> 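Sharing a structure below in structure tokens format, with a few things to ask.
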Amino acid sequence: MVYTNDFVYRLDNIAQVRFFRYYYQTHDTRMTEMPKAYEPQQFEDDLYARWESAGAFTPENLPDFQNREPYTIVVPPPNATATLHVGHASMLAIEDVLIRYHRMNGKRALWIPGTDHAALATQNVVEKMIQKEEGVTRHDLGRAELVRRIEEFVESKRDRIKLQFRKMGASLDWTREAFTLDAPRSLAVRTIFKRMYDEGVIYRGDRVVNWCPRCASTLSDDELETKTRTASLYYFKYAKDFPITIASTQPETKLGDTAVAVHPRDERYQNLIGGVLQVPFGGSRGVVLHLRVVADHGVEKDFGTGALGVTPAHSMVDYGMAIAHQIPLVQIIGEDARMLETAGPDYAGMSVADARTKVVAWLRAEGLIEKEEETEQNVPVCSRCASEIIPLPKLQWFVNVNKKFSFKHSPRAPLAGIEAGSLVTLKETMRHVVETHQTAIIPERFEKIYTHWVDNLRDWCISRQIWYGHRIPVWYCVAQKTAECGAPICSIDDLLMCPHCNGAVDQDPDVLDTWFSSGTWTFTTLGWPYTRVIFVRHGEAWSNVNGVMDAEIFDAQNGLTPEGVAQALVCAGTLVREDAAIILASPVLRTKETAEILSEKLGLEIRFDERLREMATSENFNDRSESFMRDALEEFQGRTVIVVTHAATISLLKNYGVSSMETTEAYPAHACAVVREFDASGSQVGDLNVYHPNAVLETGYDILPNWVARMILMTTYALGEVPFRTVYLHGLVRDAEGRKMSKSLGNGIDPLDVIPKYGTDAVRLALLLGQSPGNDLRMSEEKIAGFRNFTNKLWNVARFILSSGDSCVVTASEIDELELTTLDKWLLSRFADVAAAFSGALERLEFSRAGELLRDFTWNELADWYLEGAKVEGGKSVVLNYVLQNLLKLWHPFMPFVTETIWQTAYAKDDNDFLMVAPWVDFGAMTLYPEAEHEFARAQRVIGAIRALRADYKVAAGAIVPVTIVTKFKQTLALQQPVIEKLARCVVLFADTAPDGQLATVIEEGTITIPKPEAVGDSPDEKIKLEAERDSVAHYIESLRSKLSNEEFVGRAPASVIEKERAKLAEAEERLAAIAERL
RNA sequence: GGACGAUUAGCUCAGUUGGUUAGAGCGCACGAUUCACAUUCGUGAGGUCACUGGUUCGAACCCAGUAUCGUCCACCA
């Protein structure tokens, strides 16, 4: 923890960052010598500070950013009060790989950071804290004070998680940081709420909801968990002479029964269906029930008694039945989980548990119980506090997922398959985008889970009876003096008085479900809602034709020409897709006529504004045009407005980014529309246009319904486009035994513990390799240590390369001009192969495969083979530099710190030359040498065979062994002789026959022998070894022969396969002959 | 009850449209220490690809069924 605080201090402190900048400007930070072991903690924080202060995370600082294709990811916002855990670390590692890869690949890569206010969770934490420390409840503090305390708490914690994100090396654009409860997001939430409310997609209704008595709040279906417990199932009658026996585990709820349901075809009850039975229940001071007997297909004849008591107010299922059969509802349990007066005077005020005991006692006393049995029962509990949920009726706000609304299209990336203006439901759009793969889910099987969830979706209860969060933007008139005052008023701005009677208003006390705001995350982080202003110049007027400049004087005659009318009509056509709120127009005749045409075609109201009039000669026009814009932007914030005005007027709105018109003339073309978007501060922005939809959403599969589905719902509704093209679902990180990491088990791995120990790069590798989408990942400290070793390996590869010659930047064409040995060609060819395969794997989001490929190349082929060979052949500086600098690029997305450190040491031209923004490896330009690959592979096999002989027969490790090779590949192998001799510690003699009395091994390349070493104690018998080998080869040949003599195989298998089998056979036969010769 | 996933070496997992004498890392065994790295190097042992059938010239891979484990959804009053 000391380490964490240290880091907080260093990055939190602006002075410190300035110091970095100063430090790096005035000091030569190049290492004179690389230390023997890589020490990550020596470089990581400094490097991150350098990247950040250089602005390298902001895409607009990338070279040629305007011409780059955008690539966007928004970080799934962690709770603002959370601390980094290994799940966050995994998420960040994956997303950072994507962002860094695409950034280096020439994309305008944007990764937006942010945190979530997590309304209910955060309030619970603070409430508990206050309860513990001060012994008071939220009701003691009051709403304003509690919210103040929570905000204070969030404020004190929010920076911690952000700094921890930095610790992971995440290249997030911190200049665009967002919070789900800040001002821009609040405006967005209110805007979308109002739109939904106005369209009837949001409604307020009295419905049975999930009530958590502990949290004193409603919960959505997705905030529930189930707990299994054993319960007594009582079989009983309501009264002695009651004709139907029912069964229940909660007899106390029967006090609220209003019906008895049976199966429609249950012959026992046919005569009772439709009737109402009146029966006293619960004792003399209990209640009198009026029970309708209804037939419902949901009732199973064979379960229990085949009949059930219906309690509409306190059961979701019963509530459904009550709606279907129009059965009345009686609430008998209150929000404090105590019985109400409606449960009868004997029960009122009792806890549910006590009431149950009392009812059961009464049933027993009356002899009404027929049977009692223990059953396993699943009960819903609150996912936050594990309290049992009580369903009860309550006036709540809902999102209607089955309400038809008029679909609005995005002008940017319209959804395919749903026409603009067509009537659809949220359920339909949610299903549609995934079904048509406009949003693809990886792994694919989660599409089924998603679709299933959508199909079973009920209206989404969005109000919560807590105090922290987005308060519902609805007000009620207190006095209700007029007839109109009764209706709730939804408003984006705070409402101060009733618009009908000017009386006082009360805001709805509830706040919104936290997922309502996080559902808007992909686009509200990009500045939505924008005010779109569409500037339209009037169509061609007679003054334009006649060349009259100061046309104001002829206004009454200066209308549109026929051409001008046509222009206005064309313009109207292009604006059909815009969901504009109003037309604001200059009152002059030509603009008036243009506006009227637009108004008619688009069905919009026109409001004329004097400030839009054409400029009079020598007038300072700026003041009135800008005053107009200020007012318009304020009044229509978040909406789209069409402004019909004059050329000069338009071109003078310099401060609003309108002067650079899309025309070659000094003035905009007639009736041309120029769209500008403005954020809440009135400045022109374009983030949404550039960066939405997001490229990828990367998150855990556990919040697919909660969050991913909600984002699809909100975004298709608000923007008419998908929030993201691809959803990548990662698994949960578990411990080495596969258990969920938890505080109580103490099995968690805290990233902040292991980062200082092994380095961020090692932690990232451990999270990236071995993980696959949708599957859980096992994590252990040993695994991280293994990747720490690899980080060090890479470091030492670089150390060796950089110490064996000058570092220099080398291009592919420079390499092609060199005299290359087979060894060089082998390496370069393998590298070209691996670079292409690695990039391909990343494009397909196969992180683990990509990482393994590159690790194997780096460790085995480069370090173990090429570097060793290079020591023999010498003079490899150029090839080595070339491979290293490209290898660093490939590794950078996975291991940003060690690669950048090496880059800064060896290749950076100046302090602002960062590997993280260097262009990706151009593997397409690399030359492949398939011949050399084969040839060097032969040398590798020979070296392996000699090493194996030495190990098998216990040849002293230091001894130089005379090796005899009988081979038909003498020419190829002779070229590699120095390498073979060094790497296998031997002297090679090529011969036509193998010398007698030596120990032999037979491989594809031929027979290899070494002299018998002295004092062979327990070494294995050569003959037995060879015989074993012979048998296995003979067996192999057997199977190949039978395959090749099978007519069906030869007849049906593809020629290439047969060819391969034949080659295998020939090789094996040769080998067998050589073995036989030795025996 | 429904759906989905997993089952390959002691452990963790690869295995791309069926063409494999089934791979990697860790662990294990044996050997190696001036000369980039012991956070290293070399060699090796270790597998009826859960089981049973089927399709196919050919199955770890496709199909059906079974078993075990896991996850999610829905729940029976």
Side-chain angles (χ1 to χ4, degrees), chain A residues 34 36-38 226 233 246-250 253 261 298-300 302-311 315-318 375 377-378 380 443 445-446 448-449 452-453 456 701-702 704-705 731-732 736-738 758 762 769-772 774-780 782-783 785-804 841 844 846 848-849 852 855-856 859-860 863-864 867-868 871 943-944 947-952 954-958 983-985 1032-1033 1035-1036 1039-1040 1043 1046-1054 1056-1058 1060-1061 1064 1068:
Chain A
M34 294 169 74
K36 196 167 164 178
Y38 175 60
T226 46
L233 178 61
I246 58 159
S248 175
T249 53
Q250 295 167 288
T253 63
V299 183
E300 277 180 46
D302 304 325
F303 186 88
T305 62
L308 67 106
V310 181
T311 324
S315 154
M316 289 291 180
V317 176
D318 295 4
T375 62
Q377 193 187 25
N378 290 329
R445 64 189 156 88
F446 281 94
K448 268 189 211 162
I449 293 171
H452 182 251
W453 183 83
N456 291 295
Y701 64 76
D702 50 329
L704 177 70
L732 271 45
E737 271 81 52
Y758 302 105
L769 278 76
Q771 69 103 15
S772 62
N775 292 319
D776 293 351
L777 172 75
R778 294 195 185 197
M779 186 47 53
S780 63
E782 291 75 52
K783 194 170 169 185
F787 286 106
R788 183 268 321 265
N789 296 353
F790 177 72
T791 321
N792 189 59
K793 188 73 187 179
L794 182 65
W795 177 258
N796 272 289
V797 165
R799 200 158 83 98
F800 172 72
I801 292 174
L802 299 175
S803 65
S804 64
R844 295 188 300 274
E846 295 170 4
S848 186
R849 190 174 168 71
E852 281 167 18
R855 179 196 54 193
D856 293 349
W859 207 320
N860 303 330
D864 291 345
L867 290 191
E868 294 307 319
K871 286 175 190 168
I943 292 166
R947 284 169 170 173
L949 271 177
R950 297 176 63 119
D952 283 352
K954 313 252 188 279
V955 176
L983 268 54
R985 292 192 173 206
S1032 107
V1033 175
H1035 183 78
Y1036 181 42
S1039 78
L1040 286 172
K1043 200 187 239 183
N1046 184 335
E1047 276 173 33
E1048 302 248 41
F1049 173 71
V1050 180
R1052 294 181 192 229
S1056 64
V1057 171
I1058 296 169
K1060 249 159 93 183
E1061 298 297 304
K1064 281 186 208 163

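Order of the sequence lines fixes the chain letters, A, B, ..., with proteins taken first and strands second; residue numbering starts at 1 for each chain. Bear in mind the structure is a predicted one, so any value in this text is a computation, not a measurement. The basis for the numbers below is simple: all heavy atoms, side chains too, and nothing from hydrogens, waters or symmetry mates.
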> OP1 or OP2 of B/C41 sitting under 4.0 Å from any side-chain N/O of A/Trp859?
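Result: yes.
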> Could you pick out which residue, A/Ile943 or A/Leu777, lies toward the 5' side of RNA chain B when each is mapped onto its nearest nucleotide?
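First, find each residue's nearest nucleotide; the 5'-ward one identifies A/Leu777.
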> Between A/Phe790 and A/Glu782, which has a closest nucleotide on RNA chain B that is more 5'?
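So the residue in question is A/Glu782.
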> Could you check which of B/C41, B/G25, B/A77 has an atom nearest any side-chain atom of A/Thr249?
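The closest nucleotide is B/A77.
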> Looking for any heavy atom pair under 4.0 Å, which part of the strands does A/Gln377 touch: base, sugar-phosphate only, or nothing?
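Touches sugar-phosphate only.
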> Given atom CG of A/Leu704 and atom C1' of B/A3, what is their separation to the nearest angstrom?
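So the CG-C1' distance, A/Leu704 to B/A3, works out to 14 Å.
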> I'd like to know whether CZ of A/Arg985 has more than 12 heavy-atom contacts from other residues, nucleotides or ligands below 6.0 angstrom.
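Not buried by this count: 12 neighbours or fewer within 6.0 Å.
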> I'd like the C1' distance from B/U66 over to B/A6, given in whole Å.
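Roughly 16 Å separates the two C1' atoms.
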> Looking at B/U39, B/A36, B/C57, which one has an atom nearest to any side-chain atom of A/Asn796?
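Comparing B/U39, B/A36, B/C57 against the side chain of A/Asn796, the answer is B/A36.
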> Which nucleotide wins on minimum distance to the side chain of A/Val797, given the candidates B/C30, B/A36, B/A74?
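Out of B/C30, B/A36, B/A74, the nucleotide with an atom closest to A/Val797's side chain is B/A36.
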> If you only use heavy atoms from C-beta on, which nucleotide in B/C37, B/A14, B/G31 is closest to the side chain of A/Ser772?
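Output: B/A14.
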> Looking at every strand, decide which applies to A/Pro1054 at a 4.0 Å heavy-atom threshold: base, sugar-phosphate, or nothing.
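A/Pro1054: base contact, heavy atoms under 4.0 Å.
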> Given the C1' atoms of B/C61 and B/C49, what is the spacing between them in whole Å?
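After rounding to an integer number of Å, I get 10 Å for this pair.
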> I need the CZ-P distance between A/Arg778 and B/C26, as an integer number of Å.
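The distance from CZ of A/Arg778 to P of B/C26 comes to 19 Å, rounded to the nearest Å.
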> Looking only at side-chain atoms of A/Val317, point me to the closest of B/C57, B/C75, B/A36.
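Closest nucleotide to the A/Val317 side chain: B/C75.
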> B/U40 phosphate, OP1 or OP2: any side-chain N/O from A/Asn789 under 4.0 angstrom?
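Looking at the OP1 and OP2 atoms of B/U40, one of them is under 4.0 Å from a side-chain N or O of A/Asn789.
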> OP1 or OP2 of B/U20 versus the side-chain N and O atoms of A/Lys1064: is any pair under 4.0 Å?
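False: A/Lys1064 side-chain N/O out of range (4.0 Å or more) of B/U20 OP1/OP2.
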> Using a cut-off of 4.0 Å on non-hydrogen atoms, how would the nucleic acid contact of A/Arg849 be classed: base, sugar-phosphate, or nothing?
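Base, at least one base atom sits under 4.0 Å.
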> What's the CZ-P distance between A/Arg445 and B/C72, to the nearest Å?
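Value for this atom pair: 13 Å.
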> For atom P, what is the distance between B/A50 and B/U43, given to the nearest Å?
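30 Å, rounded to whole Å.
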> Quickly work out the A/Lys36 NZ to B/U34 P distance and round it to whole Å.
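One finds 12 Å between P of B/U34 and NZ of A/Lys36, rounded.
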> In whole angstrom, what separates A/His452's NE2 from B/U71's P?
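The distance from NE2 of A/His452 to P of B/U71 comes to 19 Å, rounded to the nearest Å.
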> Is there a donor in the side chain of A/Tyr701 and an acceptor in the side chain of A/Asp776, or the other way round, less than 3.5 Å apart?
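Yes, side-chain donor-acceptor contact under 3.5 Å.
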> What dot-bracket string describes RNA chain B from 5' to 3', counting Watson-Crick and G-U wobble pairs whose defining distances are under 3.5 Å, with [ ] for crossing pairs and | for pairs to another strand?
(((((((..((((.....[...)))).(((((.......))))).....(((((..]....))))))))))))....
> Would you measure the distance from the C1' atom in B/G53 across to the matching atom in B/A67 and give it in whole Å?
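To the nearest whole Å, 15 Å.
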> At less than 4.0 Å, is any side-chain N or O atom of A/Gln771 found next to OP1 or OP2 of B/C13? Yes or no.
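Answer is no, no contact under 4.0 Å.
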> Between B/G27 and B/U71, how far is it from one P atom to the other, in whole Å?
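Straight-line distance between the two P atoms is 30 Å.
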> Counting only side-chain N and O atoms of A/Lys1060, is one of them less than 4.0 Å from OP1 or OP2 of B/G19?
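A/Lys1060 to B/G19 OP1/OP2: no side-chain N or O under 4.0 Å.
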> Counting heavy atoms from C-beta on, name the nucleotide in B/U43, B/A77, B/A14 closest to the side chain of A/Asp952.
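The closest nucleotide is B/U43.
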> Contact class for A/Ala863 vs. all strands (heavy atom < 4.0 Å): base, sugar-phosphate, or nothing?
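Base, at least one base atom sits under 4.0 Å.
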> Using OP1 and OP2 only, check whether a side-chain N or O of A/Lys448 sits under 4.0 Å from B/C73.
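Result: no.
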> Please work out if A/Ser248 contacts a base, only the sugar-phosphate, or nothing of the nucleic acid, heavy-atom cut-off 4.0 Å.
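The residue A/Ser248 makes sugar-phosphate contact but no base contact.
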> What integer number of Å spans the P atoms of B/U17 and B/C62?
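B/U17 and B/C62 have their P atoms separated by 9 Å.
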> Under a 4.0 Å threshold between the charged nitrogen and the carboxylate oxygen, would A/Lys871 count as salt-bridged to A/Glu868?
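A salt bridge is present here (some side-chain N lies under 4.0 Å from a carboxylate O).
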> Consider the side chain of A/Lys793, meaning its heavy atoms from C-beta on, and name the nucleotide among B/G19, B/C41, B/A14 that approaches it most closely.
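Nearest to the side-chain atoms of A/Lys793, counting from C-beta on, is B/C41.
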> Do A/Lys1064 and A/Glu1061 meet the salt-bridge criterion of a basic N to acidic O distance under 4.0 Å?
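Salt bridge flag = yes for A/Lys1064 with A/Glu1061.
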> Give a yes/no on whether any side-chain N or O of A/Thr226 is located under 4.0 angstrom from OP1 or OP2 of B/C75.
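Looking at the OP1 and OP2 atoms of B/C75, neither is under 4.0 Å from any side-chain N or O of A/Thr226.
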> Figure out the CZ/C1' separation between A/Arg788 and B/C26, and round it to whole Å.
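Distance, rounded to whole Å: 14 Å.
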> Round to a whole Å and report the spacing from NZ of A/Lys783 to P of B/C26.
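So the NZ-P distance, A/Lys783 to B/C26, works out to 12 Å.
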> State which of B/U21, B/C37, B/A74 makes the closest approach to the side chain of A/Tyr1036.
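Within the option list, the nearest is B/U21.
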> C1' atom, B/G18 versus B/C11: distance in rounded Å?
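Those two atoms are separated by 30 Å.
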> A/Leu949 has an atom CG; how far is it from atom P of B/G44, in whole Å?
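Value for this atom pair: 10 Å.
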> Looking only at side-chain atoms of A/Arg947, point me to the closest of B/A77, B/G42, B/C57.
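It is B/G42.
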> Using the P atom on both, measure B/A22 against B/A45 and round to a whole Å.
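Those two atoms are separated by 14 Å.
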